[in-house]
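Here is the structure we will look at.
Keep in mind it's a predicted model, so treat the numbers as computed, not measured.
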Amino acid sequence: MLFYVAVGSALGGMGRYLLGGFIHRLVDTTFPLGTLLINISGSLLLGLFIRYATETASLTPEIRAFLTIGLCGGYTTFSSFSYETVALLDDGAWTRAALYVLASVTLSLLGTLFGFGLAREIIALQEKVS
């Protein structure tokens with residue numbers, strides 16, 4: 001089980017590093033947009049994987065751990081989110097910090113809900129094909 005979590009974490013961390021760097025180069029801003037987008041997409045993926053895993057028997061416990069604890073755990077960046085929020089506050093950017101917190105929490109929750117819905121649709125399509 002540890003092997004699956006470790007491999008998933010490594011891949012998730014690499015994905016976070018590459019996507020965060022890409023977004024930072026693409027959008028020239030001091031707002032932590034890369035972290036925000038990673039948290040939203042990570043929440044969507046976690047919602048998809050968890051709902052799919054709990055409603056079907058198609059994922060082994062090892063693959064479920066790989067996808068959720070490993071991949072999503074290595075990919076999402078709430079420790080970076082916390083640091084970046086405090087850095088904005090330290091810089092006196094209270095409005096930007098509040099916007100960042102509100103957007104991160106709200107959009108990440110919506111991402112998880114969307115992931116749940118996406119999993120339901122995938123399951124329904126699989127049932128139609130079977």
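Take Phe66 and apply the side chain to side chain contact (heavy atoms under 4.5 Å, CB included) test, not counting sequence neighbours, and it matches Tyr4, Val7, Leu11. With sequence neighbours excluded, the residues forming a side chain to side chain contact (heavy atoms under 4.5 Å, CB included) with Leu46 are Ile50, Thr68, Cys72, listed by chain and number. Taking Tyr100 as the reference, Phe31, Phe81 meet the ring pair (Phe, Tyr, Trp, His ring centres under 6.0 Å) condition, with sequence neighbours excluded. Shown here are the side chain to side chain donor-acceptor pair (under 3.5 Å) partners of Arg16, two or more places apart in sequence or in another chain: there are none.
How far CG of Asn39 is from OG of Ser80: 8.0 Å, rounded to the nearest 0.5 Å. How far CZ of Arg51 is from OG1 of Thr56: 11.5 Å, rounded to the nearest 0.5 Å. Here the straight-line distance linking atom OG1 of Thr112 with atom CG of Leu48 works out to 10.5 Å at 0.5 Å rounding. In this structure, Thr29 OG1 and His24 NE2 are separated by 9.5 Å, a value rounded to the nearest 0.5 Å. Considering CD1 of Ile40 and OG1 of Thr106, their distance stands at 9.5 Å, rounded to 0.5 Å. Note: Ser108 OG to Leu44 CG = 10.0 Å, rounded to the nearest 0.5 Å.
Across every non-hydrogen atom of Thr76 and Gly42, the tightest pair is CG2-CA, 3.6 Å.
Heavy-atom neighbours of Phe3 CZ from other residues, nucleotides or ligands within 6.0 Å: at or below the threshold of 12. Within 6.0 Å of CG on Leu125 lie more than 12 heavy atoms contributed by other residues, nucleotides or ligands.
Linking Ile, Leu, Val, Met, Phe, Trp and Tyr whenever their side-chain heavy atoms come within less than 4.5 Å puts Val27 and Phe22 in one cluster. Hydrophobic clustering (ILVMFWY, side-chain heavy atoms < 4.5 Å, transitive): Leu37 and Leu45 are in distinct clusters. Cluster membership for Val101 and Leu107, using ILVMFWY side-chain heavy atoms within less than 4.5 angstrom, is shared. By the criterion of side-chain heavy atoms lying less than 4.5 angstrom apart, applied directly or through intervening Ile, Leu, Val, Met, Phe, Trp or Tyr residues, Leu26 is grouped together with Ile38 in one hydrophobic cluster. Hydrophobic clustering (side-chain heavy atoms under 4.5 Å, transitive across Ile, Leu, Val, Met, Phe, Trp, Tyr) keeps Val105 apart from Leu89.
Considering only heavy atoms from C-beta on, Thr35 stays 4.5 Å or farther from Phe78 through its side chain. Proximity of Thr30 to Arg96: side-chain heavy atoms (C-beta onward) are separated by under 4.5 Å at one or more points. At least one side-chain heavy atom of Ser41 sits under 4.5 Å from a side-chain heavy atom of Tyr75. Within the 4.5 Å cutoff, side-chain heavy atoms of Leu88 are placed close to those of Pro32. Using a 4.5 Å heavy-atom threshold, the side chains of Arg64 and Tyr52 count as separate. Using a 4.5 Å heavy-atom threshold, the side chains of Leu118 and Ile122 count as touching.
Other cluster members for Ile69: Val5, joined by side-chain heavy-atom distances under 4.5 Å among Ile, Leu, Val, Met, Phe, Trp and Tyr. Through chains of ILVMFWY side-chain contacts below 4.5 Å, Leu18 is grouped with Tyr17.
At distances below 3.5 Å, not a single donor-acceptor pair connects side-chain atoms of Ser130 with backbone N or O atoms of Glu127.
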